[in-house]
Amino acid sequence: GRLRIEWDTAAASHVAVTHVLDGARTVLGVSRTGGVADFDTSALPVGGRFEIALSDGLNSRALQVRR
């Protein structure tokens, strides 16, 4: 029921997280900073994937992780 993201703030200052399932996209957080972000996923449907976008303000890197 929870998702915790930890990242190196020297490489990426911000993170955005979205849950994707069957074409539906649910944004969990945008422009989170600080190197740690916790999300309540208990209300999300089972399955799908998380899209995690890390950014340094100019460049971004996107990761996809199955739920």
Side-chain angles (χ1 to χ4, degrees):
R2 302 211 49 84
L3 173 67
R4 181 179 182 95
I5 307 278
E6 296 183 24
W7 69 98
D8 178 4
T9 57
S13 56
H14 296 81
V15 69
V17 179
T18 304
H19 178 254
V20 180
L21 177 65
D22 296 330
R25 300 175 63 81
T26 304
V27 176
L28 301 178
V30 178
S31 294
R32 292 291 193 88
T33 60
V36 177
D38 288 299
F39 303 96
D40 180 2
T41 61
S42 61
L44 294 174
V46 175
R49 70 180 186 274
F50 293 108
E51 292 181 351
I52 302 166
L54 299 159
S55 175
D56 64 5
L58 181 60
N59 302 299
S60 65
R61 178 177 175 201
L63 307 168
Q64 295 186 14
V65 180
R66 287 188 347 191
R67 177 164 189 218

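All of these numbers come straight from a predicted model, not from anything done at the bench.
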Legend entry - Closest heavy-atom pair and its distance - Val36, Arg4: CG1-NH2, 3.2 Å
Legend entry - Val20 to Arg25 - nearest heavy-atom pair and separation: CG2-NH1, 3.4 Å
Legend entry - Taking every non-hydrogen atom, the tightest pair across His14 and Thr33: CD2-CG2, 3.3 Å
Legend entry - Spatial distance of atom CD (Glu51) from atom OG1 (Thr26) [nearest 0.5 Å]: 11.0 Å
Inset, instruction - Indicate yes or no for a side-chain donor-acceptor contact from Arg32 to the backbone of Val17 under 3.5 Å, with no hydrogens or angles considered. - result: no
Inset, instruction - Calculate, to the nearest 0.5 Å, the distance between atoms CD1 and CG belonging to Ile52 and Leu3 respectively. - result: 6.0 Å
Inset, instruction - Can you establish whether the number of heavy atoms outside Asp8 located under 6.0 Å from its atom CG is more than 12? - result: yes
Inset, instruction - Return the minimal non-hydrogen interatomic distance between Gly57 and Ser13, and the atom names on each side. - result: N-OG, 4.3 Å
Inset, instruction - Count the heavy atoms belonging to other residues, nucleotides or ligands that lie under 6.0 Å from CZ of Arg2, then report whether that count exceeds 12. - result: yes
Inset, instruction - Just do the side-chain contact (heavy atoms from CB on, under 4.5 Å) check on Ile5 and Phe50 with the steps written out, would you? - result: CA-CA 11 Å; Ile5 307 278; Phe50 293 108; over 6 Å; no
Inset, instruction - Please answer whether the main-chain N or O of Gly1 pairs with a side-chain N or O of Thr41 as donor and acceptor at a distance below 3.5 Å. - result: yes
Legend entry - Over 12 non-hydrogen atoms of neighbours within 6.0 angstrom of CZ in Arg49: yes
Legend entry - Under 3.5 Å: donor-acceptor pair, side chain of Trp7, backbone of Leu54: no
Inset, instruction - Determine, using the 4.5 Å side-chain heavy-atom cutoff (strictly less than), whether Leu63 and Val15 are members of one ILVMFWY cluster. - result: yes
Inset, instruction - Let me see the working for Leu44 and Leu21 under side-chain contact (heavy atoms from CB on, under 4.5 Å), right down to the final yes or no. - result: CA-CA 10 Å; Leu44 294 174; Leu21 177 65; over 6 Å; no
